[in-house]
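Note sheet for the following structure.
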There are 2 protein chains.
Amino acid sequence: MAKRTPSAQELHRRAVATYVKAGGEESVQRVITAVQGLTKKLDQWYARQLVDLEVTAGEWAVVTSLAKAGEALTPSQLAELTNVAPSSMTHRLDKLAERGLVERTPDAENRTRIYVSLTDAGWQLFSVAIRGSDVVESDVLQDLSDAERGELARLLEVVIARLDDIDA
Amino acid sequence: MAKRTPSAQELHRRAVATYVKAGGEESVQRVITAVQGLTKKLDQWYARQLVDLEVTAGEWAVVTSLAKAGEALTPSQLAELTNVAPSSMTHRLDKLAERGLVERTPDAENRTRIYVSLTDAGWQLFSVAIRGSDVVESDVLQDLSDAERGELARLLEVVIARLDDIDA
DNA sequence: TGCTAATATTTCGATATCGAATACTTCGCA
DNA sequence: TGCGAAGTATTCGATATCGAAATATTAGCA
């Protein structure tokens with residue numbers, strides 16, 4: 001039997017200690033490490049759920065990107081949004097189109113460009129998956145009061161607003 | 001020219017709206033969406049930095065997992081920690097061992113098990129990369145006061161503490 | 001002890017992803 | 001208008017990843 005995998009809390013504690021030791025600022029590392037740990041867990045849960053829907057994580061990323069954008073996107077934009085090489089997107093879209101979840105329509109005004117959009121079936125898949133994941137997400141925040149959730153969201157949104165200034 | 005890719009802030013706003021419309025709770029979605037958006041941006045920045053060090057994101061995940069754990073780990077544990085299939089870890093470790101960044105040592109007490117640990121070169125790579133990434137991470141939190149960072153960290157750590165109870 | 005189930009890693013064939021090269025269109029500007 | 005530069009999607013060969021099967025060891029228990 002393997003040594004038990006440590007708890008997320010323990011992993012977090014050790015990670016912060018390691019980063020601080022390596023020269024990172026503690027207040028920074030506590031936040032960054034926690035954010036990444038939370039995302040990793042969420043990704044694991046989503047992955048399980050997506051197996052049932054027979055969608056890969058990559059395909060799901062495309063569906064959510066389209067849903068969240070609220071408008072048609074180009075393959076390049078989807079590649080950027082889902083952190084994948086543009087050439088990989090071609091194949092993903094082929095598979096998704098084959099299953100009738102997305103639709104490619106050429107741009108009449110610029111014939112180098114193609115717009116990708118969700119079909120009705122794509123939207124339906126999105127809805128089903130969201131209703132499933134909201135449950136787990138609510139559980140995650142269970143220990144926070146309404147006020148705390150609001151404060152957490154506010155602080156994170158301050159950080160989000162900063163992102164675009166940085167990578168410019 | 002493509003339509004300008006929307007700002008992270010705008011993407012966040014739309015994403016929350018979409019999830020709420022699809023039946024998610026707003027206070028939950030504001031937090032979850034922000035956390036995921038932040039991680040995505042961080043991943044993009046790390047990726048750029050890692051190109052210079054000639055390490056893939058997957059390899060880097062192994063190095064950091066070992067550094068953060070503070071002890072040797074098995075291939076299975078590393079696969080779990082880095083969200084990858086156990087069979088994929090074999091090849092990753094081959095490459096990392098070839099480059100002298102990690103070391104495989106069989107467990108004397110259980111001969112089905114192998115312990116993977118960072119070599120001195122592996123630790124050195126870790127230190128170099130961390131010093132680079134702490135800069136960008138500090139920038140991200142620039143708009144928060146010390147008190148706010150502490151509060152943000154505290155709230156996230158409450159959430160982290162909850163994670164293990166859930167997937168059991 | 002002997003046998004079955006469980007654990008841990010690796011191998012193997014199929015598929016997905018990557019980076020570079022390709023094909024085509026549009027833009028900028030002389 | 002014409003022509004080189006830039007933008008956009010795709011193709012292509014090499015590599016990484018996946019899930020299932022194979023291999024080997026250990027644990028549980030009659």
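Letters go in sequence order (proteins before strands), and every chain restarts at 1. Just so you know, these numbers come straight off a predicted model, no measurement behind them.
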May I ask you to test the B:Val116-B:Leu73 pair for a side-chain heavy-atom distance under 4.5 Å?
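They are not in side-chain contact.
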
Euclidean distance, atom CG of residue A:Asn110 to atom P of D:dT8 [Å, nearest integer]:
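It is 8 Å, rounded to the nearest whole Å.
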
Interatomic distance, B:Glu80 CD vs C:dT7 P [rounded to whole Å]
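So the two atoms are 14 Å apart, to the nearest Å.
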
Donor-acceptor list for residues 79-86 of chain A side chains, cut-off 3.5 Å, not counting sequence neighbours:
from: A:Thr82; atom 1: OG1; to: A:Leu78; atom 2: O; distance (Å): 2.8
from: A:Asn83; atom 1: OD1; to: B:Gln44; atom 2: NE2; distance (Å): 2.7

Carboxylate-amine/guanidinium contact B:Glu25 A:Arg149, below 4.0 Å:
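A salt bridge is present here (some side-chain N lies under 4.0 Å from a carboxylate O).
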
Under 4.0 Å between a side-chain nitrogen and a carboxylate oxygen: does that hold for A:Arg30 and A:Glu26?
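Salt bridge: no.
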
Using the side chain to side chain contact (heavy atoms under 4.5 Å, CB included) criterion, which residues pair with [X]? Sequence neighbours excluded.
{"X": "A:Thr90", "answer": "A:Asp94"}
{"X": "A:Ser133", "answer": "A:Tyr46, A:Gln49, A:Ile130, A:Glu137"}
{"X": "B:Gln9", "answer": "A:Ala161, B:Ser7"}

Letter per nucleotide, 5' to 3', of nucleotides 13-23 of chain D [B base touched, S only sugar-phosphate touched, - untouched; heavy atoms, 4.0 Å]:
---SSBBB---

Examine C:dT10: is either OP1 or OP2 under 4.0 Å from a nitrogen or oxygen in the side chain of B:Arg104? Give yes or no.
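Affirmative; the distance criterion is met.
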
Under 4.0 Å from OP1 or OP2 of C:dT25: is there any side-chain N or O of A:Thr112 that close?
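Indeed not, no polar side-chain atom of A:Thr112 lies that close.
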
Axial bend angle, the helix from C:dT1-D:dA30 to C:dA30-D:dT1: five-pair end segments, nearest 10°:
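Angle reported: 20°, given to the nearest ten degrees.
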
To the nearest 0.5 Å, how far apart are CG in A:Leu96 and CZ in A:Arg92?
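One gets 8.5 Å once the value is rounded to the nearest 0.5 Å.
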
